[in-house]
Protein chains: 2
Amino acid sequence: MAANAPRRQPTLDEVAEHAGVSRSVASRALNNAPHVSRAKREAVERAVRQLGYVPNSTARALATRQTGAAALVVSGEDPSIFADPFFARVIVGASAALEEADLHLMLCLAASDRGRKRVAELLRSRGADGVMLMALREDDPLTRMAEEARMPVVFGGRPVGSVPRWYVDVDNVGGARAATEHMVSRGRTRVAAICGRLDTEAGRARYRGYRDGMLAAGLEPLPPWEGDFTEPSGAAAMAALLARHPDVDGVFAASDNMAAGALRTLRTAGRRVPADVAVVGFDDLAVAQIADPPLTTVQQPIEALGREMARMLLALVDGQDPTALLLPTRLVVRSSA
Amino acid sequence: MAANAPRRQPTLDEVAEHAGVSRSVASRALNNAPHVSRAKREAVERAVRQLGYVPNSTARALATRQTGAAALVVSGEDPSIFADPFFARVIVGASAALEEADLHLMLCLAASDRGRKRVAELLRSRGADGVMLMALREDDPLTRMAEEARMPVVFGGRPVGSVPRWYVDVDNVGGARAATEHMVSRGRTRVAAICGRLDTEAGRARYRGYRDGMLAAGLEPLPPWEGDFTEPSGAAAMAALLARHPDVDGVFAASDNMAAGALRTLRTAGRRVPADVAVVGFDDLAVAQIADPPLTTVQQPIEALGREMARMLLALVDGQDPTALLLPTRLVVRSSA
DNA sequence: TCGGGGACTGGGAGCGCTCCCACTGGAAGC
DNA sequence: GCTTCCAGTGGGAGCGCTCCCAGTCCCCGA
């Protein structure tokens, strides 16, 4: 501002005048629309270059009723939930896909009431062309807002208790089941599950997968030991678990962070991993490789999740009717199980 | 879209008509401007409620020449650089500060040429009210773009080779020096530094701090062992370092991730930490607490960095002239040194 | 030769909002 | 009593772009 050239931006009218054409022609030339003679097209291009013209995106947005931006809304009561590298990777994927369509990415952390109110307004004020919604928990007010939105909405993961028309999710059940079966097939019989928050669909689905895996093997599933996906909660859950079931020989943790916490507790408790207790995580974040021992874990395609959400949104904005997507997960075997 | 009410959004004109006032009065009422009688103000509020009116942000932006959005641009040749939790935390801070001023956050990952071109356009098309720029390396084309921007620009960290007028940085030199002095004061004499990329200012400044600390103690600083801030690069650098200087008894790593990598290498090499080799990291990310042993590290106020960048930008947008900021770092002593 | 397409062209009407300004009328000042 | 002032009001002109549409011109077939 203070430091920058205060000279006004040239407008399309000025470009047109400078090129000796009408505003309409200049507009068409700029947008590569037909019905512009070669000579005038070049004249416009020259004028654009000479004047350093850049179209005003706001004016264009008003005229076309398209903002050129998509919003990614991350819900959660604690803003630090977002500091999870998971979201960063979703963003990388979404950003790449949006870039191809020349859309900008708006990020909304709906952690406070204020934040949620702003999201509600965004959803109705046409401040974006569409919205990607993530991390909805039970009774999340955003779920209802989304229904009233005046723009396409894509869910990342399914909200608890409802199946939206358009979502991209990851095969949580299948992954958790594969993790459980892996341990069972290695002879573990007393396998427990440290779950993520059970007011999220991911948390529930992963527990369901664990239970399915146990039942399929004819074993008795244990009730969930609930954490909140973080390392400390995993450590705490593991401690509680050990106290209650000292003979546990396998643990499925619904996140790598919780698995890392479990590892820590097991180490201080003098249990060897995987000799005494096998541990499988979920996510395949960087921490899984760094952990000691390196974690066997369920890999989920996080960037792809973001990318596919963005693509689905793009299709929706484009008037198409894409179908919901369930992305596969796969077990990555390392040393912990 | 397909699923949503296709009923057009009510406009301000309709609100005005419904409330029996002029558009001007309705506009003033909406913006809490003076010169509106109490009666009409209430009439407008009622109409807004009944019609479910939400102002069209694009139209407002066009009229006011303010977009209501600030952009955070993260530069880097590899999009995955952004997956670093560091940026996520910067975003949390920036987002919170912007929320107070009711600005939206646009995120631009300028990793590809395409991405950089889009940023350049954003900077000139008035697509945002201001920009926060991060992670500029030597000769980053974004540095020049920023100079030509038609909007306020705040730097997060200083770019290599130039000191912009408005930036928020962290006391890298002081932190690195404190880390080094901590080890030296504990009797370590053969302290090495595993540096971050030396084409970033943070990488250089942290090495400088290490060197200062060594020189101040009358010790000979070693040349930098360069990594790229990631865990594997730290492990590799540590291996090289051990090969060249088997008698090293202290390591300052310019990031926690590299410190974690160093820890891993030391463990496999059979060196005890901190008994044989002391290790200090930088950042104080979650990994520092989880590491085994927990890392002594230089804490930098990451959320505050984001917050202060946003506040500075806000001040700039507001026509003020804030001064550049250097945020303090502090040593957090745990077990690794 | 004449009418009928196109390919071009540019005027003008928006998109939905803000804001300047001229205008009103009642309260305050002399 | 008559100015002076100002809160309150609404008309209208933008903000910078897109897009519809009427109009021009030229080429072709009949």
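Predicted, not measured: the structure shown is a model, and the values here were computed from it. Each chain gets a letter, A, B and so on, in the order the sequences are listed, and its residues count up from 1.
We find that CZ of B:Arg126 is positioned 13 Å from P of D:dC17, with the value rounded to whole Å. The separation between B:Leu12 atom CG and D:dG11 atom P is 13 Å, rounded to whole Å. In this structure, the CD atom of B:Gln9 is 13 Å from the C1' atom of C:dC15, given to the nearest Å. Rounded to whole angstrom, the span from the CZ atom of A:Arg38 across to the P atom of C:dC8 amounts to 12 Å. Between the CD atom of B:Glu17 and the C1' atom of D:dG10 there is a distance of 14 Å, given to the nearest Å. Here C:dG14 presents its P atom at 12 Å from CZ of A:Arg65, a figure rounded to the nearest Å. As rounded to whole Å, 12 Å separates atom C1' of D:dA7 from atom CZ of B:Arg41. Remark: C1' of C:dA7 and NZ of A:Lys40 are 13 Å apart, rounded to the nearest angstrom.
In this structure, B:Pro55 reaches the sugar-phosphate backbone alone: every heavy-atom distance under 4.0 Å involves primed, P, OP1 or OP2 atoms, never a base. Residue contacts shown for B:Ser24 include a base, since a base heavy atom lies under 4.0 Å away.
Within the 4.0 Å cut-off from OP1 or OP2 of D:dG16, not a single side-chain nitrogen or oxygen of A:Thr11 is found. One finds no side-chain N or O of B:Ser27 lying less than 4.0 angstrom from the OP1 or OP2 phosphate oxygen of C:dC17.
Salt-bridge formation is not detected for the pair B:Arg137/B:Asp140: no Lys NZ or Arg NE/NH1/NH2 atom is positioned less than 4.0 Å from an Asp or Glu carboxylate oxygen. Between A:Glu42 and A:Arg38, at least one side-chain N (NZ, or NE/NH1/NH2) sits under 4.0 Å from a carboxylate O, which counts as a salt bridge. The existence of a salt bridge linking A:Arg144 and A:Glu148 is confirmed by a sub-4.0 Å separation between a basic side-chain nitrogen and an acidic carboxylate oxygen. Ion pair B:Glu201/B:Arg158 not flagged as a salt bridge, since none of the NZ, NE, NH1 or NH2 atoms sits closer than 4.0 Å to an Asp/Glu carboxylate oxygen.
Taking CG from A:Leu305 and CZ from A:Phe87, the interatomic distance works out to 9.5 Å, rounded to the nearest 0.5 Å.
For A:His35, taking side-chain heavy atoms from C-beta onward, the closest of the listed nucleotides C:dT18, C:dT9, C:dG16 is C:dT9. Among the nucleotides C:dC17, D:dC17, D:dG10, the one closest to the side chain of A:Asn56 is D:dC17. The A:Thr64 side chain lies nearest to D:dT18 when the options are C:dC15, D:dT18, D:dC15. Between D:dG10, C:dT9, C:dC17, one nucleotide has an atom nearer to the side chain of B:Ala59 than all others, and that is C:dC17. Side-chain proximity of B:Leu62 to C:dT9, C:dG16, C:dG12: nearest is C:dG16. Side-chain atoms of B:Ala63 lie closest to C:dT18 of the nucleotides D:dT18, C:dT18, C:dT9.
Looking at A:Arg23, its side chain comes within 3.5 Å of the base of C:dG12 through a donor and an acceptor atom.
Take the nearest nucleotide of DNA chain C for B:Arg28 and for B:Thr58: the residue whose nucleotide is more 5' is B:Thr58.
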